Colleague: 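This is the structure I have questions about; it appears just below.
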Amino acid sequence: MSKIFRKSTPLIYLSPTILLLTILSLIPIVMVFIYSFMDNVVMNQNPKFVGMTNYVKIVTNSVFLQAFSNTMYFTVMSVVFHLILGLTFALLLNARALPPFLKAIFRTIYILPWVFTAAVIAILWRLMLNPNGVINYLLITFEIIERPVEWLSSRQLALHAVTFINIWAGYPFYMVSLLAGLQGISEELYEAGTIDGANQRQLFWYITLPQLKPIIISLAMLDFIWTMHQFTLIWMTTGGGPIRATEMLSTLTYKLAFSSYQFSHASATAFLILALSAFVAIFYVRQQKAADE
Amino acid sequence: MAILFNKGNKKMKHRTFALPLMLILLIAILSSCTTIAPQAAPSAPGAKGSVTLEFMQWWEPELPAGAFRALMDEFEAQNPGIKVQLISGPYSTTREQVVAGAAAGTMSDVVGLDGAWVNDFVKQGALANLSELMAQTGYDDSALAAQIQLNGSTYMIPVVNFVYPLFVNLDLMDAAGIVNVPTTRSEFAAAAAALTEPLSNRYGWVLPLSLEQPNGIQNDVMSWVWASGGSMMTEDKPDLTNPAVRSAAEYIKGLYDAGVIAPGAFSMREQDKVEEFVNGRVGMMISSMAHINMIRERNPDLKFTIAAVPVEDGYTGKRGLAYASWGIGVAANSPHQAEAWKLIEFLMSEEANSKLSSIANAFPGNINSTPDFVQTDELFGAAFEVFQAASLVNEFVGLPVAEELMRLFAEQFQLYLDGSQTLDDALNKAQEAWMAHF
C-alpha cells in the first residue's frame with residue numbers, strides 16, 4: 001500500500017496542473033481535432049465523420065493559399081526585422097559611450113511599443129495611417145508625396161503596412177532579451193579579442209553574435225510562433241482586406257467560424273496552424289535541450 | 001547521520017502537509033468545475049418557485065446607464081415570480097456568445113438578435129418558433145410592425161428599428177452654393193462634386209467597405225438599390241445581376257472615379273464613416289439614425305439635416321429605406337418559454353415599446369407606439385417623416401450567413417471600383433459566391 005502511495009505521490013503533486021491543462025488545453029485541442037473530421041459540426045445537429053474532406057477543401061482553396069502566403073510573409077519579415085531592430089537598439093543601449101541616465105531614458109522610449117496592447121496599437125496606427133492621419137500630413141508637408149496615401153486600403157501597400165506595425169510593436173521584446181544577453185557576455189572575451197588585433201566588426205561577428213546565438217534562436221522561434229498567431233492587430237486594422245490582401249490564417253479561421261459558420265473548416269484551418277506551430281516548437285525544444293546539454 | 005535524519009524528517013513533515021494540500025487543491029478545482037454547469041444552464045427556478053430568465057443582448061450598454069434595467073424592473077413588478085437577469089455585452093461578442101451558447105445548449109432564455117443572424121440560428125435549431133408561442137397564448141400580432149419569418153414561422157420580432165437615411169452637412173452645402181438637399185442620383189452626384197475639395201481634404205460622400213465590418217454593403221451600397229424600389233433577390237434566391245443592382249453599382253463607380261468619395265474606403269468601417277462626417281470632412285453620408293446624438297455630442301456646432309436616400313432620376317414609386325433592428329427571440333432549449341414570451345409581450349406592448357424606442361432613439365416595433373423625441377426634436381421628427389413615407393427594406397434579414405454575403409460582395413465590389421475587373425465580372429462572381437450559400 002505504502003509502495004503504491006510512494007509511487008503515486010509525484011502524480012498527486014502534479015494532479016492540479018494536469019487537471020487544469022487537460023481541461024483548458026488538451027480537451028479543446030482534441031475537440032477541435034475531432035471537429036475537423038466532421039461534417040460541419042456545431043451548425044449541424046447530427047454531424048458525420050467525413051475523413052480528410054475538410055483538409056482537402058481547405059488546402060486546395062485559393063483563399064487559404066493566399067492567407068498562408070500572407071502569413072508567411074508577415075511572420076518572416078516580422079521575425080527578421082524584430083531581430084535586426086532589437087539587436088541594433090540593444091547594442092546602442094549597451095554602448096559604454098552613453099551615460100546611465102541617458103540609457104534609462106532611451107530604454108523607456110524604446111520599450112514603449114511593447115507596453116501597448118494589440119488593440120491600442122491597432123487603433124493608434126489606424127489613426128496615424130488614415131488618409132487624413134499624421135503620417136500623410138508629415139509626408140505631404142515635407143513634399144515627399146503629393147496626395148494622401150491609402151496605407152491600409154491599398155492592395156499593394158496594406159500587407160507591408162500591417163507588417164511594419166507588427167515590427168514596430170514587437171522589437172522591444174528582442175531588445176530587452178538581447179540587452180540582457182549582451183550584459184552577460186564576459187568583458188574578458190572582448191579584451192582577448194582586442195589583444196589579438198580584432199576590430200569592432202570582428203569582435204561583433206566572432207564574439208557578440210556567437211554568444212547571443214542561443215538567445216537569438218530561442219527568440220526567433222518563439223516570435224515565429226507568436227507572430228503566426230497574430231489576430232487582433234490584423235483584425236482591427238484591415239480585417240484581412242482590402243480584397244484578402246492582408247488575410248492571415250488567423251483571420252481566415254475566425255471568418256470561417258463566426259461569419260460563414262463553417263466550424264469544421266475553421267477547425268481544420270486551426271489545426272493546420274497548430275501543426276505549423278508545433279513543427280517550429282519541436283525545433284525550439286530540441287534547441288533548448290541541446291543548449292542544456 | 002543525525003543531520004541527514006533531521007533533513008529526512010523535515011522532508012517527511014513537508015510531504016505530510018503538502019500531500020493533503022494538493023488533495024484539497026484538486027478537490028477545489030473539481031468542485032469549481034462542477035459548479036460551472038448550473039451557472040451556465042439557461043435558467044433555474046429561484047427561491048419560492050420564481051423563475052429567473054437570462055436575457056442576453058447588446059442593448060443595455062448602448063442605452064443610458066440604468067435605463068434598460070429600469071424597464072426590466074417594471075416587467076418584474078408586473079410579473080411577480082419572474083426575474084430577469086441581463087447578460088450584456090458588445091454587439092459582436094453577443095453574436096459569438098449566442099453561437100457558442102446555441103452549440104453548447106447553454107443559450108440564454110431570451111436573446112437579442114440581428115436579422116442577419118436568424119437564418120443560421122434557425123438552421124442550428126437554436127431558436128424557438130415564436131408563431132407557436134403566440135398561438136399558445138392567443139397573442140394578437142396585428143400591432144407588430146414586422147416579424148422575421150422562415151418557412152412561414154416567426155423566429156424574431158424587431159423590437160425597435162434604426163433607419164438609414166441620408167445625413168447632409170448644411171454648412172458645407174452652403175459653402176458649396178447648394179440650396180436643396182439632393183433627392184435624385186444626378187442631383188446627389190452634382191452636389192458631391194461641388195462639395196469635394198481634395199486640397200482642403202473635403203469630399204462629397206463617404207463609403208465604408210471594410211471587410212472586417214462589411215455592413216457598408218447593406219447600409220451604403222444596397223440602400224441605393226432599395227431606395228429606387230430595386231431588389232437584390234428574386235423570391236428567395238440572389239439576383240445580383242439585375243438592372244437595379246447594376247445601375248446602383250455603376251452609379252457608385254461613377255462617384256468613385258470622379259474622386260468624390262473620401263479616401264480610405266476599402267478599409268473604412270462604420271465608425272470611421274461617422275467620424276469623417278462629424279469632423280466636417282464629408283458633406284453627405286448614409287447612416288443610422290442612432291448616430292444623431294453621437295454626432296451632436298462630438299460636434300455640437302455641426303449643422304446637419306436628414307433626408308431620404310436619393311432615387312434614380314424619374315423614379316416616382318415608393319422609396320425604400322434601409323433599416324436595422326434590435327430583434328428578440330427565445331432559445332429553443334429554454335425550459336421557460338412561456339415566461340420568456342411574457343417578457344417579449346411586455347417589450348412589444350405600446351407603453352414599454354414607446355419607452356424603449358424613446359431611450360434608444362429608434363423607431364418602435366409596435367405600430368401604435370410613438371417615441372417622445374418625434375415631437376420634441378426637429379431632426380428626429382424629420383427622420384420620422386422619412387420613416388413614415390418609405391417602406392422599410394433590409395433584404396439581408398433572414399438570409400443565410402448574411403454577414404459573409406456582404407463580405408463576398410464587398411470583395412468583388414472593391415475589385416470593380418479599383419478597376420481590376422468589369423462590372424459584369426464583379427456581379428457574376430458575387431452572384432456565384434452567394435449562390436454557394438443558398
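Source: prediction; values computed, not measured. Each chain gets a letter, A, B and so on, in the order the sequences are listed, and its residues count up from 1.
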Colleague: Quick one: what part of A:Pro242 sits under 4.5 Å from any heavy atom of chain B, side chain, backbone, both or neither?
Modeller: both

Colleague: Using a cut-off of under 4.5 Å for heavy-atom pairs, which of B:Arg281, B:Glu403, B:Lys123 has the most such pairs with chain A?
Modeller: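 Highest number of pairs under 4.5 Å: B:Arg281.
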
Colleague: Can you name the residues of residues 428-438 of chain B that have some heavy atom under 4.5 Å away from a heavy atom in chain A?
Modeller: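 From residues 428-438 of chain B, none sit under 4.5 Å of chain A.
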
Colleague: Quick check on B:Glu275 against chain A: is it the side chain, the backbone, both or neither that has a heavy atom closer than 4.5 Å?
Modeller: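 No part of B:Glu275 comes within 4.5 Å of chain A.
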
Colleague: Under the salt bridge (charged side-chain N to carboxylate O under 4.0 Å, His left out) rule, what pairs show up with a residue in residues 152-168 of chain A, not counting sequence neighbours?
Modeller: A:Arg155-B:Asp418

Colleague: Do A:Ile135 and A:Trp125 have side-chain heavy atoms sitting under 4.5 Å apart?
Modeller: yes

Colleague: Could you tell me whether the side chain of B:Ser108 and the main chain of B:Val111 form a donor-acceptor pair under 3.5 Å?
Modeller: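 No: the side chain of B:Ser108 does not pair with the backbone of B:Val111.
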
Colleague: Side chains of residues 261-272 of chain B: which donor-acceptor partners sit under 3.5 Å, not counting sequence neighbours?
Modeller:
from	atom 1	to	atom 2	distance (Å)
B:Ser267	OG	A:Ser153	OG	2.7
B:Arg269	NH1	B:Glu212	OE1	2.8
B:Glu270	OE1	B:Asn215	ND2	3.3
B:Asp272	OD2	A:Arg126	NH2	2.3
B:Asp272	OD2	B:Arg269	N	2.9

Colleague: Who pairs with A:Phe271 by ring-ring contact (aromatic ring centres under 6.0 Å, His included), at least two apart in sequence or on another chain?
Modeller: A:Phe33

Colleague: Counting heavy-atom pairs closer than 4.5 Å to chain B, which one of A:Gly239, A:Ser259, A:Ser260 comes out on top?
Modeller: A:Ser259

Colleague: Which of these passes ring-ring contact (aromatic ring centres under 6.0 Å, His included) with B:Trp117: B:Tyr91, B:Tyr155, B:Phe396?
Modeller: B:Tyr91

Colleague: Does a side-chain N-to-carboxylate-O contact under 4.0 Å join B:Glu276 and B:Lys273?
Modeller: no

Colleague: Could you tell me which of A:Gln262, A:Arg147, A:Met236 has the largest number of non-hydrogen atom pairs under 4.5 Å with chain B?
Modeller: A:Met236

Colleague: Top residue by heavy-atom pair count (under 4.5 Å) with chain B, among A:Phe258, A:Trp151, A:Tyr254?
Modeller: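 Answer, by heavy-atom pair count under 4.5 Å with chain B: A:Phe258.
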
Colleague: Does the side chain of B:Asp114 come under 3.5 Å of the side chain of B:Trp58 through a donor N or O and an acceptor N or O?
Modeller: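 Their side chains do not contain a donor-acceptor pair, so the 3.5 Å distance test is not met.
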
Colleague: With a 3.5 Å cut-off and no angle check, do the side chains of A:Glu247 and A:Thr251 form a donor-acceptor pair?
Modeller: yes

